[in-house]
Amino acid sequence: MNEDLTFLVLRQLQANPKQTQLQLSQAIGISVGRTDYVVRALIERGLLKAEHFRNSKNKSAYAYLLTPEGIDTKARITARFIQRKRAEYDALRAEFDQLTAEAKAEGLLPQ
């Protein structure tokens, strides 16, 4: 399981612990089967715990709660995620600026 996927799942579940695995899979863009695999792996690693809803008529309804270790892990992953995305943004911005300059030099864009 990659770190970006771990980040997305922990982020989604921290924001909405009562969402179903179907809702979670749709929010992060993966299959329900893969979502189940990831959630189970995070529970095994001690980053999540699953609790039944107390007043739920649906016996399979769970709340997925981040453990203290899950919160710490999410914080560390978030910092690395931001660094990676910042580097991607900077590279994309440099490429955009270069292409814009080339297009202006060729008269494709106004100066």
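Residue indices begin at 1 and follow the sequence shown. The figures here come from the full heavy-atom set of this structure, side chains too, leaving out hydrogens, waters and symmetry mates. This one's a predicted model, so the numbers in the text were calculated from it and none came from an experiment.
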Inset, instruction - State, yes or no, whether a side-chain contact exists between Ile71 and Gln14 at a heavy-atom distance under 4.5 Å. - result: yes

Inset, instruction - Decide yes or no for Leu66 and Leu48: does some side-chain heavy atom of the first lie under 4.5 Å from some side-chain heavy atom of the second? - result: yes

Looking at [X] and [Y], what are the two nearest heavy atoms and their distance?
X      : Y      : value
Ala105 : Gln111 : N-NE2, 4.1 Å
Gln12  : Ile28  : CG-CG2, 3.7 Å
Thr35  : Gln21  : CG2-O, 3.7 Å
Pro17  : Leu65  : CB-CD2, 3.8 Å

Legend entry - Any pair counted as ring-ring contact (aromatic ring centres under 6.0 Å, His included), so long as it reaches residues 11-36, sequence neighbours left out: none

Legend entry - Pairs satisfying ring-ring contact (aromatic ring centres under 6.0 Å, His included), at least one member in residues 1-36, at least two apart: Phe7-Phe81

For [X], side-chain contact (heavy atoms from CB on, under 4.5 Å) partners two or more places apart:
X      : answer
Ala50  : Ile43, Tyr62, Tyr64
Glu3   : Ile77, Arg80, Arg84
Leu109 : Thr100, Ala103, Lys104

side-chain hydrogen bond (donor to acceptor under 3.5 Å, both in side chains) partners for [X], two or more places apart:
X     : value
Glu44 : none
Arg76 : Thr73
Glu69 : none

Legend entry - Value rounded to 0.5 Å, distance of OH in Tyr37 from CD1 in Ile30: 11.0 Å

Inset, instruction - State the NZ-CG distance between Lys18 and Leu13, to the nearest 0.5 angstrom. - result: 13.5 Å

Inset, instruction - With sequence neighbours left out, write down each residue that passes salt bridge (Lys or Arg N to Asp or Glu O under 4.0 Å) with Arg40, or none if nothing qualifies. - result: Asp36

Legend entry - Any residue meeting salt bridge (Lys or Arg N to Asp or Glu O under 4.0 Å) with Asp72, in chain and number order, not counting sequence neighbours: none

Inset, instruction - List, by chain and number, the other hydrophobic cluster members for Val32, where Ile, Leu, Val, Met, Phe, Trp and Tyr join if side-chain heavy atoms come within less than 4.5 Å, directly or indirectly. - result: Leu22

Could you list the donor-acceptor pairs under 3.5 angstrom formed between side-chain atoms of residues 89-99 and any protein atom two or more places apart in sequence or on another chain?
from: Arg93; atom 1: NE; to: Asp97; atom 2: OD1; distance (Å): 3.4
from: Gln98; atom 1: NE2; to: Glu102; atom 2: OE2; distance (Å): 3.2

